[in-house]
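First up is the structure itself, then whatever we jot down about it.
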Amino acid sequence: MTERRRRVRPRSQRVTLSVAAFTDVAVGLLQREGAGAITLRRVAAELQTGPASVYGHVSTMQELHELVLDRMLGTVDLRADLADEPRSRVEGILDSYATMLLDHRGLADLASGFIPHGENALALAEAVIGSLLRLGLSPGGAAWGYDLLMLRMTAAAAEQDRWRDLDGPKTDAAAAFLDSDPLRYPNISRVRGHLFSGGRARSDWAVQAILAGIAHAPDPAERMSRGGAPEFSGP
């Protein structure tokens, strides 16, 4: 009598559900398809589970976005090798930050929607603020300078990211400036060749201009003493 053997189907290897697992999947979606692909439902499908399982670990889309951004902030080069050159270190960190945002479609726009506050975000802030203090800025100047630099880099990256999705460099906004009547707008006409130029050089110049400006700006403590009680506005 021939023994009948049961055919055992191999079990699919399922990932243990955790915040780290959800973050891993969301980062994978970001790298393959851009930030627009990151949804709780899509993450659940990638892990072969239901949306309710995701909500047990990540309560909102913003929380998931925060986890993804903080994971990516961990890839920013904090330039420890330039610790003795604080100005170069700041410029290097910000360049790495902007590059990281632009390497992932939609991430800059996502980053502009909340204040990053995870471990990697704190490490980034620590590095930039420390370098600004080493440049001789007061605690208030270093804090406000950090805020100004990060706002500028994030907004500029988001703008460049949106431009990449447009057909050609001459958008409606650019055309309005570049094709403006020189008799009616003589000042615009004089600088029109520079309005949309520069690329990386423009970004480097912006950082240098901000650093030069905050080095000679009034101490925030003085401004606060004139303006009364402080109000939370950033970073």
Side-chain angles (χ1 to χ4, degrees), residues 18-40 42-43 54-55 57-80 82-83 86 89-135 137 139-162 164 203 206-207 210-211 214 220 230-235:
S18 65
V19 172
F22 292 126
T23 306
D24 289 342
V25 170
V27 168
L29 289 170
L30 169 71
Q31 293 172 334
R32 295 194 308 271
E33 303 177 38
I38 303 173
T39 66
L40 294 175
R42 183 74 185 277
V43 168
V54 183
Y55 286 114
H57 296 81
V58 181
S59 58
T60 64
M61 273 290 295
Q62 177 167 316
E63 184 179 349
L64 183 60
H65 287 165
E66 290 174 354
L67 290 167
V68 170
L69 178 60
D70 198 65
R71 176 73 66 83
M72 299 311 300
L73 288 176
T75 68
V76 174
D77 181 6
L78 299 184
R79 304 297 290 259
L82 293 175
R89 190 182 187 201
V90 170
E91 293 172 358
I93 291 171
L94 295 176
D95 181 69
S96 179
Y97 172 70
T99 299
M100 180 274 294
L101 292 179
L102 288 170
D103 280 347
H104 301 90
R105 190 61 61 93
L107 187 58
D109 201 41
L110 183 153
S112 64
F114 52 84
I115 301 173
H117 56 275
E119 286 297 321
N120 291 320
L122 294 178
L124 172 61
E126 176 73 10
V128 174
I129 291 171
S131 295
L132 294 177
L133 290 171
R134 286 172 63 91
L135 283 171
L137 294 177
W144 288 13
Y146 159 74
D147 179 37
L148 181 60
L149 286 164
M150 296 304 294
L151 284 172
R152 195 277 165 190
M153 299 306 290
T154 303
E159 181 183 59
Q160 290 180 53
D161 198 18
R162 287 191 290 270
R164 291 191 300 194
S203 180
V207 172
I210 293 172
L211 289 174
I214 60 179
E231 295 182 3
F232 177 77
S233 60

From [atom1] ([X]) to [atom2] ([Y]), nearest 0.5 Å:
X    : Y    : atom1 : atom2 : value
I93  : S96  : CD1   : OG    : 8.5 Å
L148 : I214 : CG    : CD1   : 7.0 Å
E159 : D109 : CD    : CG    : 11.5 Å
D70  : N120 : CG    : CG    : 4.5 Å
E66  : L110 : CD    : CG    : 9.0 Å
S131 : R79  : OG    : CZ    : 11.0 Å

Do you know which two heavy atoms are closest between [X] and [Y], and how far apart they sit?
X   : Y   : answer
A35 : L30 : N-CD1, 3.5 Å
E63 : S59 : OE1-OG, 2.7 Å
H57 : S18 : CD2-CA, 3.7 Å
A26 : V68 : CB-CG2, 3.4 Å

Hey, are the side chains of [X] and [Y] touching, using non-hydrogen atoms and a 4.5 Å cut-off?
X    : Y    : value
D77  : D95  : no
F22  : L67  : no
D24  : R71  : yes
L94  : M150 : yes
L107 : M100 : yes
L101 : M153 : no

| message | Tell me whether R89 contacts the main-chain N or O of L78 through its side chain, where contact means a donor paired with an acceptor under 3.5 Å. | response |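 Confirmed, R89 side chain pairs with L78 backbone.
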
| task | List the steps, then state whether side chain to side chain contact (heavy atoms under 4.5 Å, CB included) holds for L69 with F114. | result | CA-CA 10 Å; L69 178 60; F114 52 84; 3.7 Å; yes

| field | Within 6.0 Å of CD in E126, more than 12 heavy atoms from elsewhere | value |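 Open.
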
| query | Should we say atom CD of Q31 is surrounded by more than 12 heavy atoms from elsewhere, each under 6.0 Å from it? | reply |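 Enclosed.
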
| message | side chain to side chain contact (heavy atoms under 4.5 Å, CB included) for L64 and L40? Distances and angles first, verdict last. | response | CA-CA 8 Å; L64 183 60; L40 294 175; 3.7 Å; yes

